[in-house]
Amino acid sequence: MEITPKIKFVSGSFDTKESSLVLVPSDNHGEILLCVKEPDCGWNIPIGEIKLYSSGLYVDFRETYEDACKLGEEICRRFNEFPQDKKL
């Protein structure tokens, strides 16, 4: 399925059958991003954030960091292992 994001400094589209999902955790920036990675591109296009806390406090981010990374890795694993012929 062709997806066309509207993200600052990004143009074009990506195919969900050809792309993979990667996790980009950043302790320095206080965020854990799910990103689409094209096969022949070095860019990671952010499509979602994993946030297991409701406050805006860095201390809460740190307390949930490991679990959020585990959840993100599981989401990426399931997407990437999904059979190509069943992807839209």
Side-chain angles (χ1 to χ4, degrees):
M1 171 186 297
E2 284 289 318
I3 304 292
T4 305
K6 187 171 181 173
I7 301 173
K8 191 175 185 178
F9 306 117
V10 176
S11 63
S13 61
F14 58 88
D15 187 359
T16 58
K17 286 187 178 186
E18 304 298 324
S19 302
S20 61
L21 200 59
V22 295
L23 185 70
V24 181
S26 176
D27 186 17
N28 292 341
H29 293 99
E31 61 186 8
I32 298 171
L33 299 175
L34 288 173
C35 299
V36 171
K37 183 166 187 68
E38 284 283 306
D40 297 326
C41 179
W43 286 46
N44 296 323
I45 303 165
I47 60 167
E49 180 178 6
I50 297 180
K51 185 176 174 183
L52 299 180
Y53 58 99
S54 60
S55 71
L57 302 175
Y58 179 76
V59 67
D60 293 335
F61 166 76
R62 283 299 308 147
E63 285 181 23
T64 61
Y65 181 77
E66 285 185 38
D67 287 336
C69 285
K70 288 177 190 174
L71 177 61
E73 289 167 0
E74 181 65 13
I75 292 168
C76 291
R77 183 190 68 79
R78 290 183 186 202
F79 179 86
N80 295 332
E81 289 180 0
F82 197 78
Q84 293 285 25
D85 61 335
K86 295 191 179 187
K87 288 184 180 179
L88 297 176

Legend entry - ILVMFWY cluster, Val24 and Phe79 together (side-chain gap under 4.5 Å): no
Inset, instruction - Would you give the length of the straight line joining atom CD1 of Ile75 to atom NZ of Lys70, rounded to the nearest 0.5 angstrom? - result: 14.5 Å
Inset, instruction - Kindly say whether Glu2 contributes a backbone atom to a donor-acceptor pair with the side chain of Ser13 at under 3.5 angstrom? - result: no
Inset, instruction - Sequence neighbours left out, what passes salt bridge (charged side-chain N to carboxylate O under 4.0 Å, His left out) with Glu49? Give chain and number order. - result: none
Legend entry - Residues Arg78 and Glu74 bridged, charged N to O under 4.0 Å: yes
Inset, instruction - Sequence neighbours left out, what passes salt bridge (charged side-chain N to carboxylate O under 4.0 Å, His left out) with Asp27? Give chain and number order. - result: Arg62
Inset, instruction - Check whether any side-chain N or O of Asn80 sits under 3.5 Å from a backbone N or O of Leu21 as a donor-acceptor pair, and report yes or no. - result: yes
Inset, instruction - Looking only at non-hydrogen atoms, find the nearest pair between Ile50 and Leu23 and report the distance. - result: CD1-CD1, 4.3 Å
Inset, instruction - Could you tell me which non-hydrogen atom of Leu71 sits nearest to which non-hydrogen atom of Leu52, and how far apart they are? - result: CD2-CD2, 4.2 Å
Legend entry - Connected via hydrophobic side-chain network under 4.5 Å: Val22 and Trp43: no
Legend entry - Heavy-atom closest contact (Ser19 atom, Pro39 atom, distance): CA-CD, 4.5 Å
Inset, instruction - Find the distance between CD1 (Ile32) and OG (Ser26) and round it off to the nearest 0.5 Å. - result: 9.0 Å
Inset, instruction - Is it possible for you to say whether Met1 and Leu34 belong to one hydrophobic cluster, with membership spreading through side-chain heavy-atom contacts below 4.5 Å? - result: yes
Legend entry - Minimum heavy-atom distance Thr4-Gly12, with the two atoms named: CG2-O, 3.5 Å
Legend entry - Geometric class of the Tyr65/Phe61 ring pair [parallel <30°, tilted 30-60°, perpendicular >60°]: perpendicular
Inset, instruction - Quick one: closest heavy-atom pair of Pro46 and Ile7, and the distance? - result: O-CD1, 3.6 Å
Legend entry - Joint cluster assignment, Leu57 & Tyr53, ILVMFWY side-chain distance < 4.5 Å: no
